[in-house]
Amino acid sequence: MIRKAELRDVPVIFEMINHYAAEKIMLPRPLTDLYESVREFLVAGDEEAQVAGCGALKFYNAELAEIRSLCVAPGTQHRGMGRALTERLLLEAESYGLKTVFALTTTPEFFLKCGFRETARERFPMKVWRDCLRCDRYFHCSEKTVCLDLPRPARPAKTQLEPAEVSA
Ligand SMILES: CC(C)(COP(=O)(O)OP(=O)(O)OC[C@H]1O[C@@H](n2cnc3c(N)ncnc32)[C@H](O)[C@@H]1OP(=O)(O)O)[C@@H](O)C(=O)NCCC(=O)NCCS
């Protein structure tokens, strides 16, 4: 189940992000920053508020947003949760009428699977001014920039059975 994050989810979100930050896969985020931006977050979890994944959509202007802090709990990778969270964040972005969503990531392959393409970071100077210039890793950054244009083309509706299904 994917839902809006609640304040009680913040400690788990903090733990997950900083687990990957310790491995230099993600950038760390202070607890205070996460409380301030909790309304940007979606979490994947169950009815008991167990959180096993998270991701945030940060707006820059009326056309542009960034997917940030996307991760799933260690040991739960490759079960489709990352894609499901990304899809929900993209639906949210489309519902706001945004034109572009980007991400900076050490895992561009995952985003390419989700329909993003690699692009130049210089396309997003607001991100560079706001975060990159004050980042310790600015001069040896290993993150790639990926982006996706919105709205995505509508997927063709399945109107008739494929031959394989007919004969099955
Ligand atoms: C990246 C991450 C969010 C992906 O979540 P996930 O739940 O494991 O991914 P999914 O199971 O939804 O995978 C979707 C597709 O991406 C592929 N994929 C996932 N992680 C991948 C990786 N590290 N490298 C290459 N492909 C990857 C999957 O194989 C799958 O492809 P398929 O549709 O052809 O089978 C997760 O691995 C994670 O939390 N990583 C650590 C933090 C991180 O790197 N965050 C990235 C944003 S900074």
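All figures in this text were calculated on a predicted structure; none of them were measured in a lab. We count ligands from 1, going down the list as the structure has it; atoms in each ligand are counted the same way.
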Taking the side chain as C-beta and beyond, is there a heavy-atom pair between [X] and [Y] under 4.5 Å?
X: Ile67; Y: Phe116; value: yes
X: Val51; Y: Met16; value: yes
X: Arg137; Y: Lys24; value: yes
X: Pro74; Y: His19; value: yes
X: Leu42; Y: Lys4; value: yes

Any idea which protein heavy atom is nearest [atom], and the distance to it?
atom: atom 25 (C) of ligand 1; answer: Glu109 CB, 3.3 Å
atom: atom 37 (O) of ligand 1; answer: Gln77 NE2, 3.3 Å
atom: atom 28 (C) of ligand 1; answer: His78 ND1, 4.0 Å
atom: atom 39 (O) of ligand 1; answer: Val72 N, 2.8 Å
atom: atom 30 (C) of ligand 1; answer: Arg83 NH2, 4.2 Å
atom: atom 17 (C) of ligand 1; answer: Lys113 CG, 4.1 Å
atom: atom 42 (C) of ligand 1; answer: Met26 SD, 3.7 Å
atom: atom 48 (S) of ligand 1; answer: Thr105 OG1, 3.9 Å

Under-4.0 Å protein heavy-atom contact, atom 2 (C) of ligand 1: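 Not a single protein heavy atom is under 4.0 Å away.
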Atom 45 (N) of ligand 1 protein-contacted (non-hydrogen atom, under 4.0 angstrom):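 Looking at atom 45 (N) of ligand 1, one finds that a protein heavy atom does lie closer than 4.0 Å.
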Test side chain to side chain contact (heavy atoms under 4.5 Å, CB included) applied to Thr119 and Phe124, step by step: CA-CA 10 Å; Thr119 190; Phe124 309 111; 3.9 Å; yes
So is there a nitrogen or oxygen of [X] less than 3.5 Å from a nitrogen or oxygen in ligand 1?
X: Gly80; result: yes
X: Gly82; result: yes
X: Thr107; result: yes
X: Ile25; result: no
X: Leu70; result: yes

Candidate pair Tyr35 and Leu7, rule side chain to side chain contact (heavy atoms under 4.5 Å, CB included), full reasoning: CA-CA 7 Å; Tyr35 278 113; Leu7 284 167; 3.7 Å; yes
Residues Ser37, Asp33; criterion side chain to side chain contact (heavy atoms under 4.5 Å, CB included); working and verdict: CA-CA 6 Å; Ser37 48; Asp33 173 28; 3.8 Å; yes
Number the atoms of ligand 1 from 1 as they appear, then name those within less than 4.0 Å of a heavy atom of [X], with their elements.
X: Met81; value: 7 (O), 12 (O)
X: Arg79; value: 11 (O)
X: Cys71; value: 39 (O), 42 (C)

Distance, nearest 0.5 Å, that separates CD of Glu118 from CZ of Arg121: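 Taking CD in Glu118 and CZ in Arg121, the distance rounds to 10.5 Å.
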Lys58 charged N/C atom sitting above Tyr60 aromatic ring, 6.0 Å / 45°: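 Because its charged atom sits under 6.0 Å from the ring centre and within 45° of the axis, Lys58 does stack over Tyr60.
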same_hphob_cluster(Val43, Leu70) at 4.5 Å side-chain heavy-atom cutoff: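 No, separate clusters.
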